[in-house]
Q: 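Below are the structure tokens for one structure; questions will follow.
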Amino acid sequence: MSPSRSPGPAIGNDPGRTRLALYWAPELADPLHAAASAWLGRDAETGATIPQAPLGGLDMAEITADARRYGFHATLKPPFRLSTSYAEARAAAMHLAARTRPFALPPLRVASLDGFLALREVTRCPALHDFADDCVRSLDPHRAPPTEAEIARRRPERLSERERAHLGQWGYPHVFEAWRFHLTLSRRLTAEEMAVVRPAAEAALGPAAGRMRHVRQLCLFTQAAPDAPFLIAERLPLLG
């Protein structure tokens with residue numbers, strides 16, 4: 001195991017405030033890491049701010065603000081507050097990574113997902129879905145129950161019966177059969193914004209995204225406080 005970042009005392013000493021997530025993110029040597037960090041304006045590995053290229057009269061910092069705060073990633077286990085220590089959750093993630101075999105990830109493409117721009121796989125990858133399901137189950141013993149405010153933010157009245165059941169059991173509605181692999185690139189866009197931003201995203205990210213690659217790491221992202229940006233705490237190699 002080759003951790004890229006020390007968890008730090010804020011993670012170890014205040015688990016009720018820290019949020020942890022299991023994400024997939026491209027490896028540092030993958031051109032997609034640099035391209036997506038430049039698109040979002042922040043490198044989730046180092047925390048460094050990156051100047052964003054101007055795009056007409058659009059405020060790209062605003063358009064990418066939420067995606068930038070979460071860091072370039074695909075969600076496997078959604079962010080959750082810890083009920084145990086970081087060390088215990090990390091051990092569970094290490095065990096999961098140790099039993100998971102690396103697998104091929106189909107090429108990615110820029111797509112509209114409910115009005116958001118995101119990178120999505122060109123074909124469904126069963127191994128990827130199995131990996132996400134395993135992440136949800138394996139780390140759940142370390143998840144603190146959501147607060148009433150956290151549940152309300154999910155707008156349960158707009159969810160299907162199955163999604164409400166997932167929210168109650170797993171703390172998040174879009175898991176298992178409701179999960180969709182995606183790496184968010186923008187907020188929801190108007191039609192006029194989409195006509196400008198999508199071609200720019202395809203030009204900036206398409207060549208790197210369209211490569212074949214393997215999923216060989218499980219990334220632990222952490223958020224030390226509610227308004228803090230997420231950072232890659234560690235990259236755990238898949239060893240199965």
Side-chain angles (χ1 to χ4, degrees), residues 1-5 20-40 42-46 64 67-68 70-79 92-114 116-139 172 174-186 198 200-222 230-240:
M1 201 244 343
S2 178
S4 63
R5 180 184 299 276
L20 174 69
L22 301 187
Y23 290 160
W24 176 79
E27 298 176 22
L28 290 177
D30 188 331
L32 185 57
H33 171 79
S37 297
W39 175 263
L40 295 182
R42 185 173 70 88
D43 186 332
E45 179 78 24
T46 65
T64 59
R68 180 170 55 256
Y70 280 88
F72 184 65
H73 75 279
T75 299
L76 300 172
K77 171 72 171 176
M94 289 180 66
H95 182 69
L96 165 62
R99 69 171 184 262
T100 302
R101 289 184 178 182
F103 56 90
L105 182 67
L108 307 175
R109 61 181 174 84
V110 176
S112 176
L113 183 66
D114 302 330
F116 296 81
L117 275 183
L119 292 182
R120 304 205 65 201
E121 72 273 46
V122 297
T123 57
R124 191 179 187 277
C125 177
L128 178 64
H129 284 253
D130 290 344
F131 187 35
D133 292 352
D134 205 2
C135 287
V136 170
R137 293 189 183 97
S138 296
L139 270 290
Y172 194 74
H174 308 300
V175 294
F176 303 117
E177 79 289 340
W179 180 73
R180 293 182 291 180
F181 174 83
H182 65 283
L183 299 102
T184 304
L185 302 174
S186 76
R198 181 167 183 169
E202 289 171 341
L205 302 171
R211 297 184 177 195
M212 288 292 296
R213 53 181 48 84
H214 283 78
V215 174
R216 296 183 291 202
Q217 297 175 341
L218 173 62
C219 293
L220 276 63
F221 275 60
T222 55
F230 279 80
L231 288 169
I232 297 177
E234 300 187 70
R235 293 175 179 265
L236 307 179
L238 305 187
L239 302 173

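Values reported hereafter were calculated over all heavy atoms of this structure, with side chains retained and with hydrogens, waters and symmetry mates removed. Being a predicted model, the structure only gives us computed values, none of them experimental.
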Q: Mind listing the closest non-hydrogen atom pair of Ile232 and Ala25 along with its distance?
A: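 In this case the closest contact between Ile232 and Ala25 is CD1-CB, 4.5 Å.
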Q: Taking the side chain as every heavy atom from C-beta outward, state whether Leu32 and Phe72 have any pair of such atoms under 4.5 Å apart.
A: yes
Q: CG of Leu40 to NE2 of His73: how many Å apart, nearest 0.5 Å?
A: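 The distance works out to 10.0 Å.
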Q: With a 4.5 Å heavy-atom cut-off, do Trp24 and Leu105 have their side chains touching?
A: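 The answer is yes; the side chains approach within 4.5 Å.
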Q: Just by modelled atom types, is the Phe116 backbone N or O under 3.5 Å from a matching donor or acceptor in the Ser186 side chain?
A: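 No: the side chain of Ser186 does not pair with the backbone of Phe116.
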Q: Over all heavy atoms of both residues, which pair between Pro237 and Ala97 is shortest? Give the atoms and the distance, please.
A: O-CB, 3.5 Å
Q: Using the side chain to side chain contact (heavy atoms under 4.5 Å, CB included) definition, which of the options Arg120, Glu121, His174 pairs with Arg180?
A: Arg120
Q: Decide yes or no for Glu202 and Arg109: does some side-chain heavy atom of the first lie under 4.5 Å from some side-chain heavy atom of the second?
A: no
Q: Please round to the nearest 0.5 Å and tell me the distance separating atom CH2 of Trp39 and atom CG of Leu183.
A: 14.0 Å
Q: State, to 0.1 Å, how close Cys135 and Lys77 come at their nearest heavy-atom pair, and which atoms those are.
A: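 Closest pair (atom of Cys135, atom of Lys77, distance): O-CD, 3.7 Å.
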Q: Are any non-hydrogen side-chain atoms of Met212 and Pro107 less than 4.5 angstrom apart?
A: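 Yes; the side chains approach each other to less than 4.5 Å.
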Q: Give the C-alpha distance, both sets of side-chain angles, the deciding distance and a yes or no for side chain to side chain contact (heavy atoms under 4.5 Å, CB included) between Val110 and Arg198.
A: CA-CA 7 Å; Val110 176; Arg198 181 167 183 169; 4.2 Å; yes
Q: Taking C-beta and beyond as the side chain, do Val122 and Leu108 meet within less than 4.5 Å on heavy atoms?
A: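 Contact flag for Val122/Leu108 side chains = no.
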Q: For Thr75, is there any backbone N or O sitting under 3.5 Å from a side-chain donor or acceptor partner on Trp179?
A: yes
Q: May I ask you to test the Pro79-Tyr70 pair for a side-chain heavy-atom distance under 4.5 Å?
A: yes
Q: Is there a side chain to side chain contact (heavy atoms under 4.5 Å, CB included) between Leu96 and Leu218? Walk through the geometry before answering.
A: CA-CA 9 Å; Leu96 165 62; Leu218 173 62; 3.9 Å; yes
Q: Do Phe131 and Leu238 come within less than 4.5 Å of each other through their side chains, counting heavy atoms only?
A: yes
Q: Do His95 side-chain atoms and Ala93 backbone N/O form a donor-acceptor pair below 3.5 Å?
A: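 The answer is no, because no donor-acceptor pair under 3.5 Å joins these two groups.
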Q: Looking at the rings of Phe221 and Phe230, which for Trp means the six-membered one, are their centres under 6.0 Å apart?
A: no
Q: Do you know the tightest heavy-atom contact between Pro102 and Gly240?
A: CD-O, 4.1 Å
Q: Side chain to side chain contact (heavy atoms under 4.5 Å, CB included) between Leu239 and Arg101: does it pass, once the steps are laid out?
A: CA-CA 6 Å; Leu239 302 173; Arg101 289 184 178 182; over 6 Å; no
Q: Against Leu139, only a single residue in Asp134, Leu220, Leu22, Leu76 fulfils side chain to side chain contact (heavy atoms under 4.5 Å, CB included); can you say which?
A: Leu22
Q: Would you mind reporting whether Leu185 and Leu119 have side-chain heavy atoms less than 4.5 Å apart?
A: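 Side chain of Leu119 against side chain of Leu185, heavy atoms only: contact under 4.5 Å found.
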Q: Tell me the closest heavy-atom pair linking Asp43 and Ser37, and the distance in Å.
A: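 The pair with the smallest heavy-atom distance is CA-OG, 3.8 Å.
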Q: Looking only at side-chain N and O atoms, does Arg68 offer a donor or acceptor that is under 3.5 Å from a partner on Thr184?
A: no
Q: Show me the pairs that pass salt bridge (charged side-chain N to carboxylate O under 4.0 Å, His left out) and involve residues 210-222, at least two apart or across chains.
A: Glu27-Arg216, Asp30-Arg213
Q: Side chain to side chain contact (heavy atoms under 4.5 Å, CB included) for Cys125 and Phe181? Distances and angles first, verdict last.
A: CA-CA 9 Å; Cys125 177; Phe181 174 83; over 6 Å; no
Q: Taking only residues two or more places apart in sequence, or in another chain, which ones meet His33 in a ring-ring contact (aromatic ring centres under 6.0 Å, His included)?
A: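 Expected list: none.
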